[in-house]
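As a basis for the values below, the full set of heavy atoms in this structure was taken, side chains included, without hydrogen atoms, waters or symmetry mates.
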Amino acid sequence: TQQFRVYTENSDGTTTDVTTSGSTDWTTADGTKATITTGATGGGGRGGIFVLGGGGLATGLAAGSVTITAIYTPSDGSAALSATATLTITAAKTPKSLTINPPSASILLNGTQAFTATLVYTDGSTSSVTNGASWTTTDPTVVVMSNANTGFQGGGGGIGIVGGATATGVGTGTATVTATYTDASTTFSATANVTVSNPSVLSFSITPTTPTIYLSGTTTQQFTATVIFTDDTKKDVTASSSWTSATPAVAVIGGNNGRAQAVSAGSSIITATYTDSSGTVHTATTTLTVASRKLSSLSLSPTTPTTHVGFTKSFTLYAIYDDGSKSNVTGSATWSSGTPSVATIAIGGGPGGGGGNTAVSTAIAAGSTTIQAVYGGLTASTTLTVSSGTLTSIAVTGTSASIAVGATEQLTATGTYSDNLTDDLTSSAIWLSSSDASATVSNATASVGLLTAVTAGSPTISAVYKGVTGTLSIQVTSN
């Protein structure tokens, strides 16, 4: 329908709405195309509400154009006035089909594809009915569809997690997506095929990398094989991979479970092989180490030692294992001093160093420093104090004051300081004998302080360090 209005123009410049006036007649040039009501059949007056049946209400009956005429006859008997308008009637649109775009799609697993549904009319025009359509899938294990109006997925059910008319790939394969739309009493449908495939493999790896297991404890190691795809998703393919051990005498591994079993100490390369959906083979390797025992703790000695400037202090590190055994790992550890300006430390360093099984610190200045040893991923430490006390006396001792000709005896020089602390000066002092003819004392690094009896006599043995001398009287007897 179309409501027309007609106005008179008055001599004073005003207008009067005579649309529904009884003096206004409405006509149509072709009653087969359109009809129109006259003012005599409906209400009137300027600003009046026009209802069905009021003047000037045209109704289209058939497609085409028709002239609408309004004739107003004034009540004062003056000449009638008329006006015309052209009304164009178009044919009602009739839907004929439904289309889906895209007509087919390929997506990756867990990927999505949005679809649109379009209603096509007989006159060639179209309208989008995406949100008004119902969307379903023939195989919800491959593709699920969301419905915009309900928020639920078609085919398989469940709450939609994406927008309406969106397909989500949940499994590999092909499924048919159907859009159904009802216009008045006619239902239309259209379909599209959706193919879901795995993304390409970006990387394939084994975890953990380079693990160690112990014959003394847990003797198995579970490995995991993981694929990362080009869409950044990950997948555990441990059970889908084949596993081998290069050295079965060291460790064996299940063919498809990734669990290794230790056999004997040593190492073996573990390989996982995975074939993706395209037939491409991927491999990854790691090294499994089987050790006889596991490191539990470290023992560092001495604990909280004290020394004086210019002296050395020896340290020893033991590894304690889970089977209760221990071993000297001093030479294999990494040693450091927290304050090198107070004392340094090195393997077998300093005067009289003990070689690879001893770490020797050298005191440089008064203060304290943390001595640290790192081995097998564990750390042990102690505090070394360097005193500034001065040497006041030296005591020379041996196992016996009497020694037979040809015998030897190890002597020891112990220094006492003004702080009442003592230091072993045996390797630092200079050793002298009052009679080399009767007895000698070695100053050689490997045998410092070693007394050798030569002939019978009563020599005095001296140890001299920093101007302080200590003595010991020895009686050398004949055999």
Side-chain angles (χ1 to χ4, degrees), residues 206-219 221 247 250-251 262 264-270 285-388 421 423-428 445-446 448:
I206 299 175
T207 54
T209 57
T210 61
T212 299
I213 55 179
Y214 304 90
L215 295 173
S216 59
T218 301
T219 58
Q221 175 65 59
T247 311
V250 171
S264 64
S267 63
S268 180
I269 296 175
I270 302 299
T285 62
T286 190
T287 299
L288 172 64
T289 298
V290 178
S292 59
R293 55 189 179 174
K294 182 179 182 180
L295 178 64
S296 298
S297 62
L298 299 176
S299 175
L300 175 61
S301 62
T303 58
T304 61
T306 300
T307 189
H308 293 85
V309 174
F311 284 88
T312 61
K313 181 67 69 172
S314 296
F315 292 87
T316 303
L317 182 71
Y318 282 91
I320 312 298
Y321 297 93
D322 60 352
D323 60 359
S325 63
K326 68 177 184 178
S327 62
N328 188 329
V329 294
T330 305
S332 302
T334 300
W335 294 85
S336 64
S337 170
T339 311
S341 60
V342 171
T344 60
I345 190 164
I347 298 297
N357 285 329
T358 304
V360 179
S361 67
T362 301
I364 297 174
S368 62
T369 182
T370 298
I371 300 299
Q372 178 175 280
V374 179
Y375 176 78
L378 300 182
T379 301
S381 62
T382 189
T383 300
L384 171 65
T385 300
V386 179
S387 173
S388 59
L421 297 176
D423 258 326
D424 184 352
L425 304 181
T426 303
S427 61
S428 302
T445 299
V448 64

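- Heavy atoms from other residues, nucleotides or ligands lying under 6.0 Å from CD1 of Ile269 number 12 at most.
- Closest non-hydrogen pair, Val250 versus Gly266, comes out as CG1-C, 3.6 Å.
- Between Gly331 and Ile347, the shortest heavy-atom distance links the atoms CA-CD1, 4.1 Å.
- Side-chain contact check for Ser337 and Thr369: at least one donor-acceptor pair (N or O, by modelled atom type) lies under 3.5 Å.
- Thr209 is linked by a side chain to side chain contact (heavy atoms under 4.5 Å, CB included) to Thr286, counting only residues two or more places apart in sequence or in another chain.
- Evaluation of the side chain to side chain contact (heavy atoms under 4.5 Å, CB included) rule for Thr379 yields Gln372, Val374 as partners, not counting sequence neighbours.
- Listed by chain and residue number, Gln261 satisfy the side chain to side chain donor-acceptor pair (under 3.5 Å) test with Thr219 (two or more places apart in sequence, or in another chain).
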(request) Before giving the answer on side chain to side chain contact (heavy atoms under 4.5 Å, CB included), spell out for Ser336 and Thr334 the whole-Å C-alpha distance, their side-chain angles and the decisive distance to 0.1 Å. (result) CA-CA 7 Å; Ser336 64; Thr334 300; 6.0 Å; no
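- Judged as a side chain to side chain contact (heavy atoms under 4.5 Å, CB included), and not counting sequence neighbours, the contacts of Ser267 are Thr287, Thr289.
- Applying the side chain to side chain contact (heavy atoms under 4.5 Å, CB included) criterion to Thr385, with sequence neighbours excluded, gives Thr306, Ser368, Thr383.
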(message) Between Phe315 and Trp335, is the side chain to side chain contact (heavy atoms under 4.5 Å, CB included) condition met? List the steps.
(response) CA-CA 10 Å; Phe315 292 87; Trp335 294 85; 3.9 Å; yes
Side chains of residues 290-302: which donor-acceptor partners sit under 3.5 Å, not counting sequence neighbours?
| unit_1 | atom_1 | unit_2 | atom_2 | d |
| --- | --- | --- | --- | --- |
| Arg293 | NH1 | Ser325 | OG | 2.5 |
| Ser296 | OG | Asp322 | N | 3.2 |

(request) Would you sort out whether Tyr375 and Ser332 count as a side chain to side chain contact (heavy atoms under 4.5 Å, CB included), showing the intermediate values? (result) CA-CA 7 Å; Tyr375 176 78; Ser332 302; 3.8 Å; yes
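- Considering every non-hydrogen atom in both Leu384 and Ala343, the closest pair reads CD2-CB, 3.8 Å.
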(message) side chain to side chain contact (heavy atoms under 4.5 Å, CB included) for Ile364 and Val386? Distances and angles first, verdict last.
(response) CA-CA 8 Å; Ile364 297 174; Val386 179; over 6 Å; no
